There are 2 protein chains.
Amino acid sequence: MDVKTLCLGVLFFGDATGYEIRKACSEGMISHLYEAGYGSIYPALAQLSGTGLVTCTEMAQDGRPDKKVYSLTEAGRQALIESLREPPAHDRIRSEFMFGLLFSQLLPNAEVGKRIDERIAWYRDGLERMRTCLGHDMAPGAQFVTGYGIAVYEAAANYLETHRDTLIRTLSQSEDTVEEQPAREAVGR
Amino acid sequence: MDVKTLCLGVLFFGDATGYEIRKACSEGMISHLYEAGYGSIYPALAQLSGTGLVTCTEMAQDGRPDKKVYSLTEAGRQALIESLREPPAHDRIRSEFMFGLLFSQLLPNAEVGKRIDERIAWYRDGLERMRTCLGHDMAPGAQFVTGYGIAVYEAAANYLETHRDTLIRTLSQSEDTVEEQPAREAVGR
DNA sequence: AAAGTCTATATCGGGCCAATATATATCGGC
DNA sequence: GCCGATATATATTGGCCCGATATAGACTTT
């Protein structure tokens with residue numbers, strides 16, 4: 001599955017411009033599942049347009065630059081369904097935040113605390129948006145996914161809140177032995 | 001942060017071959033935070049070796065192909081710390097599983113159930129490994145991160161288990177109206 | 001009136017990664 | 001004792017992806 005399928009999926013919920021699709025995939029609800037930026041979306045739309053899976057209607061606007069509104073065609077709908085049918089690839093995640101915490105012994109304690117606090121705030125913010133979202137009329141799948149997001153974010157925020165101080169305390173205690181601390185095992189597997 | 005920093009990080013916990021680094025980043029504990037395959041790791045190691053951040057010792061083995069064991073140099077250690085100091089980029093996630101569920105109305109119910117069951121099994125498997133891991137001696141950061149992983153996976157698995165049947169039931173109920181169902185709002189933001 | 005944000009489209013260089021090639025060893029099952 | 005599968009080990013490539021950047025008028029804030 002690639003960004004082309006992502007665009008088809010967004011367009012399934014209604015016509016949109018490239019700009020709006022990007023918003024959905026990098027700020028909106030979908031950004032929690034599958035992110036994408038301009039550099040992926042615009043080329044994808046051009047290709048989809050070329051193969052007839054979407055149509056593009058240029059709309060002149062007073063003042064602002066022209067809008068290009070994309071719509072899913074019947075062929076696009078079929079292509080979306082076909083893509084969704086094949087077994088989903090394994091999740092791809094890349095969390096610099098978590099990776100950095102692995103090495104929290106190498107960072108100043110204040111920095112560690114600051115990062116955790118920021119992350120908690122980020123989760124709380126996401127939770128608020130998701131809860132607001134649940135009030136509206138949604139497809140059953142979207143409802144399920146949103147509920148899942150809430151459950152996971154809640155657990156993450158709670159863990160960070162309840163274990164933050166313990167981590168900092170532990171780091172403080174072993175602070176002075178950091179210099180000669182030998183490498184440890186138990187990360188390789 | 002890129003795969004070069006990832007390699008430096010893994011090597012901080014002890015010398016390793018490219019093969020072992022890949023194992024840690026695509027099967028081991030680190031794979032839950034930051035994945036990488038051969039195509040990223042081998043070029044990264046070559047570059048790190050060229051700039052003196054790691055050293056490479058070739059070890060002949062009876063039978064098996066030669067091993068190239070990489071070690072972090074002092075310069076590499078400093079480079080790692082410097083990289084970790086800069087604020088972590090936003091998490092990047094790409095979950096085809098979750099994205100697919102958004103459109104569960106377009107999939108056969110049996111398929112939806114199967115995917116959820118597989119995902120639950122995957123979480124449970126990950127949980128078991130992480131819990132085993134916690135028994136061993138670990139750096140405080142690694143312990144914190146592992147605990148976080150357990151909390152999140154547990155919440156995810158529980159949500160899927162308790163809401164699986166509700167989703168399927170809801171899908172079955174609206175099954176016959178799928179054909180003429182209009183596009184819905186509330187995904188754009 | 002300057003500075004910043006929002007709508008809107010588009011490109012590029014470099015990074016990443018799945019798939020693939022190569023070679024040998026070991027282990028379980030028949 | 002042989003076969004297929006799995007594990008050890010390194011390396012390349014084509015294509016996808018994406019952060020940064022350019023452009024540009026309108027609206028908002030200071």
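These numbers were taken from a predicted model, which means no experiment stands behind them. Throughout, protein chains are lettered first and strands after them, A, B, ... in sequence-line order, and every chain is numbered starting at 1.
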Next on the checklist: Could you go through B:T55 and B:S49, starting from their C-alpha distance and side-chain angles, then the distance that decides it, and tell me whether this counts as side-chain contact (heavy atoms from CB on, under 4.5 Å)?
Outcome noted: CA-CA 6 Å; B:T55 55; B:S49 200; over 6 Å; no

Next on the checklist: For a 4.5 angstrom cut-off between non-hydrogen side-chain atoms, does A:C133 reach A:M29?
Outcome noted: yes

Next on the checklist: Side chains of B:Y148 and A:H163 only: does a donor on one sit below 3.5 Å from an acceptor on the other?
Outcome noted: no

Next on the checklist: Less than 3.5 Å apart, any donor N or O on the side chain of B:E82 or B:Q78 sitting next to an acceptor on the other?
Outcome noted: no

Can a side chain N or O of [X] be found less than 4.0 Å away from OP1 or OP2 on [N]?
| X | N | answer |
| --- | --- | --- |
| A:K23 | C:dC6 | no |
| B:K68 | D:dT10 | no |
| B:T17 | D:dT8 | no |

Checklist entry - How would you list, by chain and number, every residue that makes a side-chain contact (heavy atoms from CB on, under 4.5 Å) with B:E58, sequence neighbours excluded? => result B:D66, B:K68

Checklist entry - Can you list the residues that meet the ring pair (Phe, Tyr, Trp, His ring centres under 6.0 Å) rule with A:Y70, with sequence neighbours excluded? => result none

Checklist entry - Can you list the residues that meet the ring pair (Phe, Tyr, Trp, His ring centres under 6.0 Å) rule with B:F99, with sequence neighbours excluded? => result A:Y34, B:F103

Tell me the interatomic distance from [X], atom [atom1], to [N], atom [atom2], rounded to whole angstroms.
| X | N | atom1 | atom2 | value |
| --- | --- | --- | --- | --- |
| B:E27 | D:dA7 | CD | C1' | 10 Å |
| B:E20 | D:dA9 | CD | P | 6 Å |
| B:K67 | D:dT10 | NZ | P | 9 Å |
| B:L45 | D:dT10 | CG | P | 9 Å |
| A:I93 | D:dC17 | CD1 | P | 19 Å |
| B:I41 | D:dA11 | CD1 | C1' | 13 Å |
| B:R22 | D:dT12 | CZ | P | 17 Å |

Next on the checklist: Let me check the geometry of the helix from C:dA1-D:dT30 to C:dC30-D:dG1. What is the bend angle between the axes at its two ends, five pairs each, to 10°?
Outcome noted: 50°

Item to check | Under 4.0 Å protein heavy-atom contact, by nucleotide of nucleotides 11-18 of chain C - B base, S sugar-phosphate only | outcome: B----SBB

Next on the checklist: Can a donor-acceptor pair be found, under 3.5 Å and without considering hydrogens, that links the side chain of B:R164 to the backbone of B:I116?
Outcome noted: no

Checklist entry - Which residue pairs pass the salt bridge (charged side-chain N to carboxylate O under 4.0 Å, His left out) test when at least one of the two sits in residues 139-156 of chain B, sequence neighbours left out? => result B:R131-B:E154

